[in-house]
Amino acid sequence: MRRIKVAPSILSADFSNLCHELELCKRGGADIIHLDVMDGHFVPNITFGPVVIKSIRKCTDIPFDAHLMIERPDKYIKDFVKAGADIITVHREVEVDLEAVLRKARNYGVEVGLALNPDTPFDKAKDFVESIDYLLIMSVYPGFAGQRFIESVLSKIKEAREYIDGEGLSVKIGVDGGIKHTNFRKVVDAGADIIVAASAIFGGDVIANIKEFKRYTP
Ligand code: DX5
Ligand code: ZN
């Protein structure tokens, strides 16, 4: 039996009350807190960075995943580790020495994730899959919460699942973007271990929304 993990993305949370939102996540049984860091270059939006992460680190002991949608992750790994990230996720599409970035993060003792944009084929992750803890498959174009799930990504999730299982690897598969209570079962059935959701969790009953995701066992 596969037990899925739920990673609420605070992008749709009430930023004037983040500690309370994180407390609700805890009560709902959230496994990971997903932190969408955007720099206005890699994606057309700007969110928050290490300063905010450091201050909300005090509010919860749930592991933090810093999803870095930034052009130069190589320059900021240390800052995100110091701020309290437990997982650092970088994009396959950035034009930096990815091998070095992943190694640097790992040397700081955090787990590492590799994110793939909707148009980036799974093939592009194969060279890295043995040196990561999790693969984050984007099911929207990164930049904003509340977008529609891109259906064609389902085949990429299946391909990744088959490859990872076939190679006997323990890399987890996360899926991020457009996941709702109405469509998450097919994401999980395709092979996701971790589902990331912002708008389907925040803005309503956070505890119930998380629990409803967690009730499903594939
Ligand atoms: C998109 C972010 C996602 C986003 C998900 O750039 O990486 O994590 O917050 O939001 P929803 O779940 O509303 O699609
Ligand atoms: Zn994200």
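Whatever order the structure lists ligands and atoms in, that order sets their numbers, starting from 1. Just so it is clear, the values below take in all heavy atoms, side chains as well, and ignore hydrogens, waters and symmetry mates.
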* To do: Quick one: pull up CG in Asp133 and CD1 in Ile88 and give me the separation to the nearest 0.5 Å.
  =>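 That separation rounds to 11.5 Å.
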Under 4.0 Å from a heavy atom of [X]: give me the atoms of ligand 1 that qualify, with their elements.
X: Leu11; result: 9 (O)
X: Ala197; result: 12 (O)
X: His34; result: 8 (O)
X: Met38; result: 6 (O)
X: Pro142; result: 6 (O)
X: Gly177; result: 14 (O)
X: Met138; result: 7 (O)
X: Ala145; result: 10 (O), 13 (O)

Taking all non-hydrogen atoms of both residues, which atom of [X] and which atom of [Y] are closest, and how far apart?
X: Ala198; Y: Leu11; result: CB-CB, 4.5 Å
X: Phe184; Y: Glu212; result: CZ-O, 4.0 Å
X: Thr120; Y: Arg92; result: CG2-CG, 4.2 Å

Is [X] salt-bridged to [Y], going by a charged N under 4.0 Å from an acidic O?
X: Asp193; Y: Arg161; value: yes
X: Lys82; Y: Asp79; value: no
X: Asp31; Y: Lys214; value: yes
X: Glu151; Y: Lys186; value: yes

* Asked: Side chains of Pro44 and Phe144: does their closest heavy-atom pair fall under 4.5 Å?
  ->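 Pro44 reaches Phe144 side chain to side chain.
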Does any N or O atom in [X] lie less than 3.5 angstrom from one in ligand 1, N or O only?
X: Ala200; answer: no
X: Ala198; answer: yes
X: Gly146; answer: yes
X: Ser12; answer: no

Could you find the nearest protein heavy atom to [atom] and give me its residue, atom name and distance?
atom: atom 9 (O) of ligand 1; value: Asp36 OD2, 2.9 Å
atom: atom 14 (O) of ligand 1; value: Gly178 N, 2.7 Å
atom: atom 13 (O) of ligand 1; value: Ser199 OG, 2.5 Å
atom: atom 1 (C) of ligand 1; value: Phe144 O, 3.7 Å
atom: atom 3 (C) of ligand 1; value: Asp176 OD1, 3.0 Å

* Asked: Non-hydrogen atoms of Gly143 versus ligand 1: any pair closer than 4.0 Å?
  ->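 Right, Gly143 reaches ligand 1.
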* Is ligand 1 less than 4.0 angstrom away from at least one heavy atom of Tyr141? ->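 The answer is no: ligand 1 sits nowhere under 4.0 Å from a heavy atom of Tyr141.
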Between [Y] and [X], is there a side-chain donor-acceptor contact under 3.5 Å, judged purely by atom types and distance?
X: His34; Y: Asp36; answer: yes
X: Ser199; Y: Lys180; answer: yes
X: Asp65; Y: Tyr134; answer: yes

[X], N/O/S atom nearest the Zn ion (ligand 2):
X: Asp176; value: OD2
X: Asp36; value: OD1
X: His67; value: ND1

* Asked: Arg72 and side-chain contact (heavy atoms from CB on, under 4.5 Å): which partner among Val96, Val94, Val101?
  ->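 Answer to the side-chain contact (heavy atoms from CB on, under 4.5 Å) test with Arg72 among Val96, Val94, Val101: Val96.
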* Asked: Does Ser9 approach ligand 1 within less than 4.0 angstrom via side chain, backbone, both or neither, non-hydrogen atoms only?
  ->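 Looking at Ser9 and ligand 1, just side chain atoms fall under 4.0 Å.
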* Hey, is the main chain of Leu114 close enough, under 3.5 Å, to the side chain of Thr89 for a donor-acceptor pair? ->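 It does not hold such a pair.
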